[in-house]
Student: 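Next up is a structure, given as structure tokens.
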Number of protein chains: 2
Amino acid sequence: MADSVALDPVDLHILRLLQNDARTTYRDLAAQVGVAPSTCLDRVTRLRRSGVILGHQLRLDPARLGRGLQALLSVQVRPHRRDLVVPFVERIRALPEALSLFHLTGPDDFLVHVAVAGPAELQRLVLDAFTARREVARVETRLIFQQWECGPLLPPDAAADVPRDAVGESW
Amino acid sequence: MADSVALDPVDLHILRLLQNDARTTYRDLAAQVGVAPSTCLDRVTRLRRSGVILGHQLRLDPARLGRGLQALLSVQVRPHRRDLVVPFVERIRALPEALSLFHLTGPDDFLVHVAVAGPAELQRLVLDAFTARREVARVETRLIFQQWECGPLLPPDAAADVPRDAVGESW
DNA sequence: GATGAAATATGTGGTCC
DNA sequence: GGACCACATATTTCATC
């Protein structure tokens, strides 16, 4: 289901361009990749069907929406049982302040990325949506100075997959 | 520059719909919002110019691209001076494994979200791109079991902004 | 903010390799 | 089987009110 998909150079070129600007038209894609627009449409349709492309997302500026303060909340949910974890996840996902949620290994079970209007709203959020709950054993709040999105996501370079002589001895 | 923008109900409705599916056509937006397609175009254009909409992003499935393992790396950059921090940020942003990068308050200066093929590649990444650098004082790696994107980002509800009687005494 | 016409993009079927 | 072309449809964009 989550198997890696074989991608040829045309697919990769299209993905790179679309990651720069997801609204690039098939006409422009075609011109830059060197194939016909219909071929681009074909490729993108297949990439969507094969699950490589999950969808298109709008990137918004939280600050312009009156949510100028972002933070990461590390949360311990204890006991870490499914009957407590599943409702916790659903509750956090439904919070208007939550942007994204990670379930992690390590001493902190969850990391929650939130955007709020300011420190007062953050304090209220921590107290009301987190520490007020019995299953939330601990919350650690870190403010975000700045965030960067990184380069385009592409398959690991084939060169990096060169087999090593002996497993566990190549590093 | 990062001031909050005044948004009317039509703007908010459009943003909500576009956050569900960023490829909704102006025609469909218009039908659902109850205005003309050209008005939707107008609104979206203004939202882009005012900086509320930063852009459109392709959501890809890292697992299908042969990057089935994701992790968060907490990194201390010491000394935490601009002449070390700025090149660090640029170097991390250029890593093909990096998805996103946070500069934070707290004992850990940076959080790096990475996607790799597997544990071996993660180990190589930590050793070669992080701990090999003199300015990287500490790295802590946590694996990501699962990630969720949360509900649409919208301005804080006006009701939540009701002024309190006394600052610092309302919670 | 709406209308409608022009420009542009998208989707389809036939054809070729 | 995949890529390309040309055509038909749908969408976006813009001038005008």
Side-chain angles (χ1 to χ4, degrees), chain A residues 1-61 64-66 152-158 161, chain B residues 3-61 63-66 152-155 158:
Chain A
M1 195 58 194
D3 283 339
S4 174
V5 174
L7 301 170
D8 70 11
V10 172
D11 292 319
L12 292 176
H13 199 165
I14 289 173
L15 285 176
R16 255 194 305 270
L17 293 170
L18 283 178
Q19 281 181 94
N20 285 342
D21 177 5
R23 271 171 37 129
T24 308
T25 64
Y26 294 123
R27 187 170 155 275
D28 289 347
L29 283 180
Q32 293 183 66
V33 175
V35 296
S38 56
T39 302
C40 289
L41 172 67
D42 231 45
R43 295 304 188 106
V44 172
T45 304
R46 244 182 304 162
L47 288 168
R48 285 179 147 269
R49 264 208 300 267
S50 67
V52 174
I53 296 176
L54 293 171
H56 292 251
Q57 199 172 22
L58 207 61
R59 292 197 322 113
L60 300 180
D61 184 347
R64 307 274 175 158
L65 288 166
L153 179 66
L154 291 173
D157 189 27
D161 291 335
Chain B
D3 283 339
S4 174
V5 174
L7 301 170
D8 71 11
V10 172
D11 292 320
L12 292 176
H13 200 165
I14 289 174
L15 284 177
R16 256 194 304 272
L17 292 170
L18 283 178
Q19 281 182 92
N20 286 340
D21 177 5
R23 270 171 39 127
T24 309
T25 64
Y26 295 121
R27 188 174 154 277
D28 289 348
L29 284 180
Q32 293 182 67
V33 175
V35 295
S38 58
T39 302
C40 290
L41 172 64
D42 226 47
R43 295 304 190 104
V44 171
T45 304
R46 244 182 306 162
L47 288 168
R48 285 179 147 269
R49 265 209 296 269
S50 67
V52 174
I53 295 177
L54 294 172
H56 291 251
Q57 198 173 23
L58 207 62
R59 292 198 321 113
L60 300 181
D61 184 347
R64 305 274 174 158
L65 287 166
L153 179 65
L154 290 173

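Because the structure is predicted, anything quoted here is derived from the model rather than measured. Chain naming here is simple, since letters A, B, ... match the order of the sequence lines and numbering starts at 1 in each.
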Student: Please tabulate, for side-chain N and O atoms in residues 42-49 of chain A, each donor-acceptor pair with protein atoms closer than 3.5 Å (sequence neighbours left out).
Tutor:
residue	atom	partner	partner atom	Å
A:Arg43	NH1	A:Asp8	OD1	2.9
A:Arg43	NH1	A:Asp8	OD2	2.9
A:Arg43	NH1	A:Asp11	OD1	3.0
A:Arg43	NH1	A:Asp11	OD2	3.3
A:Arg43	NH2	A:Asp8	OD2	3.0
A:Thr45	OG1	A:Leu41	O	2.7
A:Arg48	NH2	A:His56	NE2	3.4

Student: Kindly compute the distance separating CG (A:Leu15) from CG (B:Leu58), expressed to the nearest 0.5 Å.
Tutor: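 If I round to the nearest 0.5 Å, the distance is 7.0 Å.
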Student: Once rounded to the nearest 0.5 Å, what's the spacing between atom CG of A:Leu18 and atom CD of B:Gln57?
Tutor: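 Separation between the atoms: 12.0 Å.
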Student: Looking only at non-hydrogen atoms, find the nearest pair between B:Gln19 and B:Leu153 and report the distance.
Tutor: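 Of all heavy-atom pairs spanning B:Gln19 and B:Leu153, the closest is OE1-N, 2.7 Å.
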Student: Are side-chain heavy atoms of B:Ile53 and A:Leu60 found at a separation under 4.5 Å?
Tutor: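 Side chain of B:Ile53 against side chain of A:Leu60, heavy atoms only: contact under 4.5 Å found.
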Student: What parts of residues 32-43 of chain A reach DNA chain C, counting only heavy atoms under 4.0 Å away?
Tutor: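 Here the set is A:Ser38, A:Leu41.
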Student: Any donor-acceptor pair under 3.5 Å linking the side chain of A:Arg64 with the backbone of B:Ser50?
Tutor: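 Yes.
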Student: Below 3.5 Å, can you tabulate the donor-acceptor pairs from side chains in residues 21-31 of chain A to any protein atom, sequence neighbours excluded?
Tutor:
residue	atom	partner	partner atom	Å
A:Asp21	OD1	A:Arg23	N	2.9
A:Thr24	OG1	A:Asp21	O	2.6
A:Thr25	OG1	A:Asp28	N	3.1

Student: Hey, could you give me the CG/CG distance between B:Leu7 and A:Leu65, rounded to the nearest 0.5 Å?
Tutor: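 Rounded to the nearest 0.5 Å, the CG-CG separation comes out at 6.0 Å.
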Student: If the condition is side-chain contact (heavy atoms from CB on, under 4.5 Å), which residues does A:Ser38 pass it with, not counting sequence neighbours?
Tutor: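 Only A:Ala36 meet the side-chain contact (heavy atoms from CB on, under 4.5 Å) criterion with A:Ser38.
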Student: Earliest and latest nucleotide of DNA chain C, 5' to 3', sitting under 4.0 Å from a non-hydrogen atom of chain A?
Tutor: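 Contact span on the strand: C:dA9 to C:dT12.
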Student: If I compare all heavy atoms of B:Cys40 with all of B:Val35, which pair ends up nearest, and what's the gap?
Tutor: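 Heavy atoms of B:Cys40 and B:Val35 come nearest at SG-CG2, 3.7 Å.
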Student: Among residues 15-30 of chain B, which ones have heavy-atom contacts with DNA chain C below 4.0 Å?
Tutor: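 DNA chain C contact set from residues 15-30 of chain B: none.
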